[in-house]
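Structure record follows, encoded as C-alpha cells.
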Protein chains: 2
Amino acid sequence: MEVVERKQRTREQTRAGILQTAKDIARREGWQSVSIRKIADAIEYSAPVVYDYFDSKDILLDEIRNDGFRYLRDEYERLVRLYRDPEKLLYEISLIQWQFAMQQPEMYQVMYNQNGANCLAPIEESAEIKSVNEIVCRIIFTFIPKSAESIRRLYFEWWATSHGLISLSALLRHQQPLEASEQIYRETMRRFVRGLK
Amino acid sequence: MEVVERKQRTREQTRAGILQTAKDIARREGWQSVSIRKIADAIEYSAPVVYDYFDSKDILLDEIRNDGFRYLRDEYERLVRLYRDPEKLLYEISLIQWQFAMQQPEMYQVMYNQNGANCLAPIEESAEIKSVNEIVCRIIFTFIPKSAESIRRLYFEWWATSHGLISLSALLRHQQPLEASEQIYRETMRRFVRGLK
DNA sequence: ATTTTTAGTTAACGGCGTTAATATGCCTGA
DNA sequence: TCAGGCATATTAACGCCGTTAACTAAAAAT
C-alpha cells in the first residue's frame, strides 16, 4: 500500500515541523515563550495534535536536546575522519562547539537548561551525550594514553573550559562583542590542547 | 511615632519572608515550581499582597539575583582585608565561588538563569555585578599591572573557568561525585592563579 | 450499506502571572 | 462620639499555560 507510506511521510514532516517551530519561536522570543498552543497555531493545527507526536512538552524538549547532541556527534565523527593529528583534531572539535553554540543558540540553551529552557529529563542518562563523551575521550586517549580515570578528568576539564567560555560569552555579549570572545575562546582552547601533551 | 517604625519593621520582615520562601521552594522543588500563589500560601497571605512588595515575579527574581552578587561582593571584600598575597587572595575568592554555588545552588541558578530560573532583567546592567567585577579586576591588577584591556580579559578567563567547572559539576553530579569535582576545581583554579604571574 | 477506524476538533480542568473590584478594620478630624 | 477616609487584605476575574476527555466528521474496511 503506497497510501500508508505517504501517510508516514507526512507524519514525519509534521513531526519535524513541530520541532522546527519550537526552535523558531525560541530563537525569536526565547524559550519562556514557547508553548504547545503557539506551536500548534504555527503549524495550523489545534493543540492536542502535538500530543500525537510527543507525549509531553518535556519529551519534545528532550528530543531537541538529543538532536543537538546527535548533531555534535556527527560533526565530531566527520572531523575524526578529516584530521589525523589529535591535537589539531581536538582543536577543531572545540571550534565546532563554538560554532554550534553561536549558530543554534536555542539548541545550546535547551541542552544545558539555560535561559528559560527547562527540560526535566535527566541529561546524564541520554545515550546521545554518552556517545559524544566516548568520541572525545577516545581522541584524548589516542593523544595521551593514560588511565581511564585521567582521561575522564581531562575530558571534564576540556568540556568545562569550553562550556564556561561559551556561556559567559553569551551572558556578556552586550558588554564584550562576540568577536572578541571568540578570539579568547580560540586561544584558550588552543592553549588547553597544547598543554595536554 | 513608634507605630510607624514597627510597621516598617514588620513590612521588612514580610518582604524578607517572601524572598526566603521563594528560595526555599526553589531548593526543594526547582525554580520551575516557584509561583506567586505558592509563595503567598507559604507566608499565609493571598497572592496579590506579594505585589505590594515586588512589582512582578521578574523583579522578585532580580532581587534574589542581586542579593547573590551582593553576598559575593561582601565575601570578596572580607577576603581582601584578610589576605595580602594577591595569589592567595584570588585563590581564596575562587573557593568562595565554589562554596557559594554548592551551599546556595538556587541562588547560583537564578544568577545565571539555569535550571528553570528565568530572570529577564538584564544581568549586564546590574550594579551589584559591576561592583563584583571591579573588585576582582582590581585584585588581578595589583597582581600583574597590565592594561585595563588585558585585565578585563584575564578576569573573563578566570570567571569562565570557574563558572564552567561549577556548572558542569552540577550537571554531572550523578556521574561524578561533587567531592571529585571540587578537587578538580581547586587544582584548576590554583593552576590558573599560578599561571597569572 | 453498515460498522470501525482515523484524524481532527472543541471543551474542560487546574494552575499560572497579574489586575480590578471589593470588603474590613483602624486612625483621624468634626 | 461618630462619620469618613486610609491602609490592608481579600475575592473575582482575565487571558494565558500543559494536558486530557468528549465529541464529530470523514475515510476505510467489512
Side-chain angles (χ1 to χ4, degrees), chain A residues 1-19 21-22 25-26 28-65 110 113 115-121, chain B residues 1-19 21-22 25-26 28-65 110 113 115-121:
Chain A
M1 283 300 206
E2 282 179 2
V3 68
V4 169
E5 288 175 23
R6 193 194 56 208
K7 275 191 187 173
Q8 245 173 1
R9 232 178 320 137
T10 64
R11 200 184 143 80
E12 207 54 48
Q13 280 173 12
T14 306
R15 191 187 143 91
I18 291 172
L19 293 169
T21 302
I25 299 172
R28 280 199 312 272
E29 312 171 34
W31 280 106
Q32 81 280 351
S33 321
V34 175
S35 76
I36 300 284
R37 283 177 167 90
K38 254 191 227 174
I39 296 171
D41 269 12
I43 62 169
E44 295 179 298
Y45 275 113
S46 61
V49 305
V50 176
Y51 290 87
D52 290 342
Y53 296 86
F54 302 96
D55 283 346
S56 70
K57 189 182 181 182
D58 207 64
I59 285 174
L60 198 165
L61 292 184
D62 194 40
E63 184 68 40
I64 292 177
R65 162 185 290 175
V110 81
N113 278 352
N115 293 101
N118 193 31
C119 176
L120 272 61
Chain B
M1 283 296 208
E2 282 181 4
V3 68
V4 170
E5 288 175 23
R6 192 195 55 206
K7 276 191 185 173
Q8 247 174 358
R9 233 178 318 137
T10 63
R11 201 184 144 79
E12 207 55 47
Q13 280 174 9
T14 306
R15 192 186 143 90
I18 291 172
L19 293 168
T21 302
I25 299 173
R28 280 199 312 271
E29 311 171 34
W31 279 106
Q32 79 281 352
S33 329
V34 175
S35 77
I36 300 285
R37 282 177 168 91
K38 253 191 227 174
I39 295 171
D41 269 11
I43 61 168
E44 293 180 300
Y45 275 113
S46 61
V49 305
V50 176
Y51 289 88
D52 291 341
Y53 296 87
F54 302 96
D55 282 347
S56 70
K57 188 182 181 181
D58 207 65
I59 286 175
L60 199 165
L61 293 184
D62 193 40
E63 183 69 39
I64 292 178
R65 163 186 290 175
V110 81
N113 277 352
N115 291 103
N118 192 31
C119 176
L120 272 61

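A note on names: the letters A, B, ... follow the listed sequences, proteins ahead of strands, and every chain is numbered from 1. Everything quoted here is computed from the prediction, not taken from an experiment.
- Listed candidates were C:dA12, C:dC16, C:dT9. Nearest to the side chain of A:Ser46 is C:dT9.
- Residues B:Ile64 and B:Trp31 form a side-chain contact, since some pair of their non-hydrogen atoms from C-beta on lies under 4.5 Å apart.
- A:Ile36 has its side chain within reach of A:Tyr51: a pair of non-hydrogen atoms, C-beta onward, lies under 4.5 Å apart.
- B:Asp41 places its CG atom 10 Å from the P atom of C:dG15, with the value rounded to the nearest Å.
- Considering every non-hydrogen atom in both A:Asp58 and A:Leu120, the closest pair reads OD1-N, 2.8 Å.
- One atom, CD1 of B:Ile43, and another, C1' of D:dT10, lie 14 Å apart when rounded to the nearest Å.
- Taking both residues in full, the closest heavy atoms of B:Glu63 and B:Leu19 are given as CG-CD2, 4.0 Å, listed atom of the first, atom of the second, then distance.
- Positionally, the nearest nucleotide of DNA chain C for B:Ser33 lies more toward the 5' end than for the other of B:Pro48 and B:Ser33.
- Between B:Arg37 and A:Val34, the residue whose closest nucleotide on DNA chain D is further toward the 5' end is B:Arg37.
- For C:dC16, one of the phosphate oxygens OP1 or OP2 lies less than 4.0 angstrom from a side-chain nitrogen or oxygen of B:Ser35.
- A heavy-atom distance below 4.5 Å is not found between the side chains of A:Asp62 and A:Phe54.
- Between A:Gln32 atom CD and C:dG17 atom C1' the separation is 14 Å, expressed in whole Å.
- When rounded to the nearest whole Å, the span between NZ of A:Lys38 and P of D:dC17 equals 6 Å.
- The minimum heavy-atom distance between B:Ala22 and B:Ile39, with the atom names listed, is CB-CD1, 3.8 Å.
- Atom CD1 in B:Ile36 sits roughly 11 Å away from atom P in C:dT19 (whole-Å rounding).
- The end-to-end axis angle of the helix from C:dA1-D:dT30 to C:dA30-D:dT1, rounded to 10 degrees and based on five pairs per end, is 30°.
- Residues from residues 49-61 of chain A that place a heavy atom under 4.0 Å from any atom of DNA chain D, listed by number: A:Tyr51, A:Ser56, A:Lys57.
- B:Ala42 and B:Thr21 make their closest contact through CB-CG2, 3.3 Å (heavy atoms, listed as atom of the first residue, atom of the second, distance).
- Residues A:Arg65 and A:Asn113 form a side-chain contact, since some pair of their non-hydrogen atoms from C-beta on lies under 4.5 Å apart.
- Residues A:Thr14 and A:Val49 have side chains not in contact (no heavy-atom distance under 4.5 Å, counting atoms from C-beta outward).
- When the C1' atom of C:dC16 is taken as reference, atom CG of B:Asn118 falls 15 Å away, rounded to whole Å.
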